[in-house]
Amino acid sequence: VSVLMTLDTTDFRRMIETHQRMVFSLALRVTGEYGAAEEVAQDVFMELHRGAEKLESEDHVRFWLRRVTVHRATDALRKRARQPEAEAEEWMDEQYVEDNSEGLNAALAALLEELLRTLPEAMRIAIVLRYQEDMLPGEIAELLAQPLATVKSNLQRGLQLLRRKSAVTMKEYVRGQA
Amino acid sequence: VDKPDDLKDNPQPDALDPFEQQLKRSFGHVNAPENMMQFLLLAAEAEKRRQSKAPRLGKIFAFPKPPMWLGGAIAAVLVMGALLGGEHVHRLHQREALAEMQFNTATRITDRTLEHVREQMQRAGVQLDQ
């Protein structure tokens with residue numbers, strides 16, 4: 001769909017199919033809660049359903065979904081005032097981990113997910129967009145409407161924190177110590 | 001000056017070092033809840049039905065948008081009203097003053113007439129004071 005003047009059920013279904021994993025993953029990693037992420041994802045798609053006529057292309061839809069998801073997830077995170085060190089096992093059961101992650105150490109993935117949730121909000125969002133969505137710093141800056149230097153700083157500091165925290169338990173993943 | 005750890009590890013900003021590659025592998029997309037699609041389609045359908053059935057209160061109570069010139073026209077009518085009202089009051093005052101003047105004139109004429117009658121009666125030998 002190049003121009004979405006109206007969004008019928010078929011279009012809406014296709015959009016959900018295309019983007020639901022991205023939206024839900026983003027919401028999950030920012031909020032750190034399965035239930036909250038589900039609510040955020042539902043809200044985001046319903047908002048898309050109401051205002052899709054303003055979106056002009058698939059790229060625009062993806063950009064809009066990412067931005068709105070980050071904002072809604074951040075709102076949910078602040079509303080719940082959740083402590084970052086809360087338990088992560090609730091949503092890191094095997095059923096939610098990628099099925100095609102053969103060779104991936106599931107324990108390491110779970111650890112990194114847990115460590116991600118200990119990062120301050122701005123760093124966490126930057127890290128998720130960079131490594132989950134494979135976005136470049138410039139794209140993240142545009143999405144978040146932040147200066148590029150701020151995004152780079154959050155990425156660098158977030159990455160440093162993750163390295164140091166992971167070094168405590170998984171030293172083999174710290175360069176220079178391997 | 002020591003470079004930050006990340007710059008030491010990653011001299012090429014766009015290239016991912018092993019730790020970052022591990023992050024990328026770990027932070028893949030996860031499956032959305034199974035019932036989310038169904039929930040969203042039902043919610044969208046329900047919302048569409050609700051919008052098509054429910055009357056819009058805003059439409060019921062809304063007034064049509066007034067034309068741009070209406071404000072100017074109302075102001076002109078008010079100014080004209082004030083001017084005409086002022087003229088009307090002025091004419092009333094004029095009429096009152098004229099009536100008062102006519103009354104005073106008539107009173108003076110009547111007094112003079114009465115005085116003239118009294119003088120004639122005195123000359124005829126009639127004493128009105130007695």
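Because the structure is a prediction, the values reported are computed rather than measured. Each chain gets a letter, A, B and so on, in the order the sequences are listed, and its residues count up from 1.
- Residue E34(B) places its CD atom among 12 or fewer non-hydrogen atoms of other residues, nucleotides or ligands, all under 6.0 Å distant.
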Verdict with supporting geometry, L108(A) and R25(B), side-chain contact (heavy atoms from CB on, under 4.5 Å)
CA-CA 10 Å; L108(A) 173 62; R25(B) 283 195 297 271; over 6 Å; no
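- Considering only heavy atoms from C-beta on, Q38(B) stays 4.5 Å or farther from I16(A) through its side chain.
- Residue E100(B) places its CD atom among 12 or fewer non-hydrogen atoms of other residues, nucleotides or ligands, all under 6.0 Å distant.
- Residues L41(B) and F12(A) share a closest heavy-atom pair of CD2-CD2, 3.9 Å.
- With 3.5 Å as the limit, one finds no donor-acceptor pair spanning the side chains of Q20(A) and H29(B).
- Counting only distance, with no hydrogens or angles, the side chain of R21(A) and the backbone of A32(B) share no donor-acceptor pair below 3.5 Å.
- The parts of E17(A) that come within reach of chain B are both its backbone and its side chain, each placing non-hydrogen atoms under 4.5 angstrom from that chain.
- The two atoms that bring M36(B) and A41(A) nearest to each other are SD-CB, 3.7 Å, heavy atoms only.
- Looking at every heavy atom in both residues, G28(B) comes nearest to S25(A) through O-OG, 4.4 Å.
- Both the backbone and the side chain of L162(A) come within less than 4.5 Å of a heavy atom in chain B.
- Counting heavy atoms from C-beta outward, Y131(A) and S26(B) have side chains that stay 4.5 Å or more apart.
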For L112(A) and F19(B): C-alpha separation, side-chain torsions, deciding distance, then whether side-chain contact (heavy atoms from CB on, under 4.5 Å) applies.
CA-CA 11 Å; L112(A) 289 173; F19(B) 184 78; 4.2 Å; yes
N/O donor to acceptor pairs below 3.5 angstrom from side-chain atoms of residues 42-52 of chain A, sequence neighbours left out:
from   : atom 1 : to     : atom 2 : distance (Å)
E47(A) : OE1    : R72(A) : NE     : 3.2
E47(A) : OE1    : R72(A) : NH2    : 2.9
E47(A) : OE2    : R72(A) : NH2    : 2.9
R50(A) : NE     : E47(B) : OE1    : 3.2
R50(A) : NE     : E47(B) : OE2    : 2.9
R50(A) : NH2    : E47(B) : OE1    : 2.9

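- L23(B) has its side chain within reach of L159(A): a pair of non-hydrogen atoms, C-beta onward, lies under 4.5 Å apart.
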Steps toward side-chain contact (heavy atoms from CB on, under 4.5 Å) verdict (R163(A), D17(B))
CA-CA 12 Å; R163(A) 284 184 206 278; D17(B) 66 28; 2.5 Å; yes
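- Counting non-hydrogen atoms of other residues, nucleotides and ligands closer than 6.0 Å to NZ of K48(B) gives a total above 12.
- Heavy atoms of E45(B) lying under 4.5 Å from chain A belong exclusively to its side chain.
- Put simply, the side chain of I127(A) reaches to within 4.5 Å of the side chain of F27(B), judged on heavy atoms.
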